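Because only heavy atoms are used, hydrogens play no part in the values below, and waters and symmetry mates are left out as well, while side chains stay in. Bear in mind that the values here come from a model prediction, so they are computed numbers and not experimental data.
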Amino acid sequence: MANKKERAQIEIRPNSSCKGCKGCSAGKEGKPIRVWAKNCVNAKVGQVVEVELGASTFLSATLIVYAIPLLSFLAGIGLGYKISGLLNINSTEPFAILIGLVLMIISFASIHFFTRRREIENKYSPRIIRISNDNR
């Protein structure tokens with residue numbers, strides 16, 4: 001663990017529930033992952049801590065990252081079909097997919113550039129809630 005102002009870099013080691021999960025390198029390769037978390041309890045380097053990320057926070061982050069681009073892609077396909085009909089484009093399906101991909105890329109770029117770094121650090125970061133007595 002490393003400390004920087006009110007944040008700490010923590011190492012999350014895989015446990016039995018990680019086996020078979022493909023969500024991160026802890027599940028895929030059995031390697032620990034390092035993340036930055038709010039250090040609400042003033043934990044020191046070397047201490048074992050408990051970390052929390054609220055379910056609603058996780059759900060809203062997931063929706064932002066996955067649902068918005070997916071909906072943009074589907075809307076782009078629909079728009080592509082409409083435009084191809086208006087412009088008498090013969091290759092309707094490839095054109096619709098291309099428009100869908102363009103809108104999906106625009107949505108990813110918009111999420112990246114318009115989401116404030118402070119907001120991400122404050123709202124979507126895990127936080128240390130307790131120093132554990134378990135010294136593994």
Nearest 0.5 Å, what's the [atom1]-[atom2] distance between [X] and [Y]?
X	Y	atom1	atom2	value
L74	M104	CG	CE	10.0 Å
E52	R127	CD	CZ	4.5 Å
Q47	N42	CD	CG	8.5 Å

Would [X] and [Y] show up in the same hydrophobic cluster when neighbours are defined by side-chain heavy atoms closer than 4.5 Å?
X	Y	answer
L101	L70	yes
I97	L79	no
I68	I106	no
V49	I33	yes

Are any non-hydrogen side-chain atoms of [X] and [Y] less than 4.5 angstrom apart?
X	Y	value
I131	V48	no
L103	F73	no
P94	L98	no
V41	I129	no
T62	I64	no
I128	C40	no

- Query: R7 and K38: side chain to side chain contact (heavy atoms under 4.5 Å, CB included), yes or no, with the steps?
  - Reply: CA-CA 5 Å; R7 303 178 63 70; K38 293 180 205 171; 3.8 Å; yes
What pair of heavy atoms forms the shortest contact from [X] to [Y], and how long is it?
X	Y	value
I89	T92	O-OG1, 3.5 Å
I99	G76	CG2-O, 3.3 Å
S84	F95	CB-CD2, 3.7 Å
P69	F108	CG-CE2, 3.5 Å

